[in-house]
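Notes to accompany the following structure.
Naming: A, B, ... by sequence-line order, numbering from 1 per chain.
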Protein chains: 2
Amino acid sequence: MVTPNRESDIFAAISHPARRRILDLLVETDRSVNALAGDFQMSRPAVSQHLRILLNAGLVTERRQGRERHYRLVPERLAPVREWISHYERFWDDRLQRLQEHLLRGEDQ
Amino acid sequence: MVTPNRESDIFAAISHPARRRILDLLVETDRSVNALAGDFQMSRPAVSQHLRILLNAGLVTERRQGRERHYRLVPERLAPVREWISHYERFWDDRLQRLQEHLLRGEDQ
DNA sequence: ACTATAGGTAAGCGATTGCTTACGAGTAAA
DNA sequence: TTTACTCGTAAGCAATCGCTTACCTATAGT
């Protein structure tokens with residue numbers, strides 16, 4: 001059985017540089033598999049396999065259009081990474097962190 | 001030859017939940033290997049191996065004190081993660097992102 | 001000098017990763 | 001209806017991961 005929403009899968013998914021680059025490419029716009037594969041040395045099936053890992057992690061969605069499949073970024077799924085790293089923000093920028101916390105408190109309450 | 005400062009090693013290092021937990025524990029204070037291992041089910045050598053990966057990634061440093069080795073967090077080494085994830089911040093908080101950019105511009109110039 | 005403790009490291013293992021090539025299904029174009 | 005194109009998936013593979021147990025060195029305590 002597949003357990004969705006596993007935070008670990010997100011971190012594992014972004015651990016490979018090719019998968020981070022795929023996400024970076026999808027920031028601009030949706031892309032077909034071939035359009036993505038054009039940016040890589042590796043074979044097209046290899047890109048497909050990376051896309052499946054991203055899909056399983058919920059970091060992208062797939063939309064079929066004719067014989068193409070367009071992949072779209074789901075940036076909200078990166079939230080666990082952002083939340084985890086935010087624990088450490090005070091170490092490199094106390095001032096900004098306090099400001100952020102102030103703003104977030106203001107929004108939540 | 002070991003190529004230091006490889007961003008990829010950082011993402012790989014934090015991809016394992018045990019290693020993220022080790023870092024989380026080291027936020028509070030430095031810890032010896034046994035002090036860390038006490039928080040895990042796995043054997044002490046397994047923890048040592050995780051620590052070596054974190055050490056190779058530069059995410060921790062080691063300080064020998066008597067027969068103990070104390071590990072200390074090097075939070076600056078998480079910067080690549082923070083920078084990468086910050087590309088996506090606008091997706092979940094446009095307002096805060098613009099404010100951050102404004103502040104960073106103000107600091108750099 | 002013994003004994004105990006802290007912790008690194010090697011060997012070995014099963015599982016997983018990351019790629020390749022080969023093939024098949026589905027859609028589009030001729 | 002052929003032919004071409006897009007893409008997923010299976011099989012196979014070498015390499016790496018994550019763990020264990022066994023063993024070693026170094027320091028501390030008696």
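The backbone N or O of A/Asp24 lies less than 3.5 Å from a partner atom in the side chain of B/Tyr88, making a donor-acceptor pair. Looking only at distances, no side-chain donor or acceptor of B/Arg31 sits under 3.5 Å from a matching main-chain atom of B/Ala37. At least one donor-acceptor pair under 3.5 Å links the side chain of B/Arg19 to the backbone N or O of B/Ala13. For A/Arg82 (side chain) and B/Ser86 (main-chain N/O), no donor-acceptor pair under 3.5 Å exists by modelled atom type.
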B/S/- contact track for nucleotides 18-26 of chain D, protein heavy atom under 4.0 Å: SBBBB----
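With rounding to whole Å, A/Leu51 atom CG is found 14 Å from C/dG18 atom P. One atom, CZ of B/Arg64, and another, C1' of D/dT27, lie 12 Å apart when rounded to the nearest Å. Between B/Asp9 atom CG and D/dC17 atom C1' there is a gap of 14 Å when expressed in whole angstrom units. B/Leu55 places its CG atom 14 Å from the P atom of C/dG7, with the value rounded to the nearest Å.
Salt bridge status for A/Asp9 with A/Arg77: absent, with no side-chain N to carboxylate O gap under 4.0 Å.
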CA sep, side-chain torsions, deciding dist, call: B/Leu55, B/Glu62, side-chain contact (heavy atoms from CB on, under 4.5 Å): CA-CA 8 Å; B/Leu55 196 59; B/Glu62 159 188 297; 4.0 Å; yes
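Comparing C/dT9, D/dG8, D/dC7 by their nearest atom to the side chain of A/Ser48 picks out D/dG8. Closest to the side chain of A/Glu62, out of C/dG8, D/dG8, D/dC7, is D/dG8.
In plain terms, the two heavy atoms of A/Pro75 and A/Leu73 that are nearest each other are CD-O, 3.3 Å.
Proximity of A/Tyr71 to the phosphate of D/dT6: no side-chain N or O atom is located under 4.0 Å from OP1 or OP2. Contact check, A/Asn34 against D/dC5: no side-chain N or O comes under 4.0 Å of OP1 or OP2.
Side-chain contact between B/Arg20 and A/Phe11: present, with at least one pair of heavy atoms (C-beta onward) separated by less than 4.5 Å.
Rounded to the nearest 0.5 angstrom, B/Arg69 CZ and B/Tyr71 OH are separated by 6.0 Å. The CD1 atom of B/Ile53 lies 9.0 Å from the CD1 atom of B/Ile22; values are rounded to the nearest 0.5 Å. In this structure, CG in B/Asp30 is found 12.0 Å from CG in B/Leu25, a value given to the nearest 0.5 Å.
Axis orientation changes by 20° from one end of the helix from C/dA1-D/dT30 to C/dA30-D/dT1 to the other, with each end axis drawn from 5 pairs and the value rounded to 10°.
Looking at residues 24-32 of chain A, you'll see that no heavy atom sits under 4.0 Å from any atom of DNA chain C.
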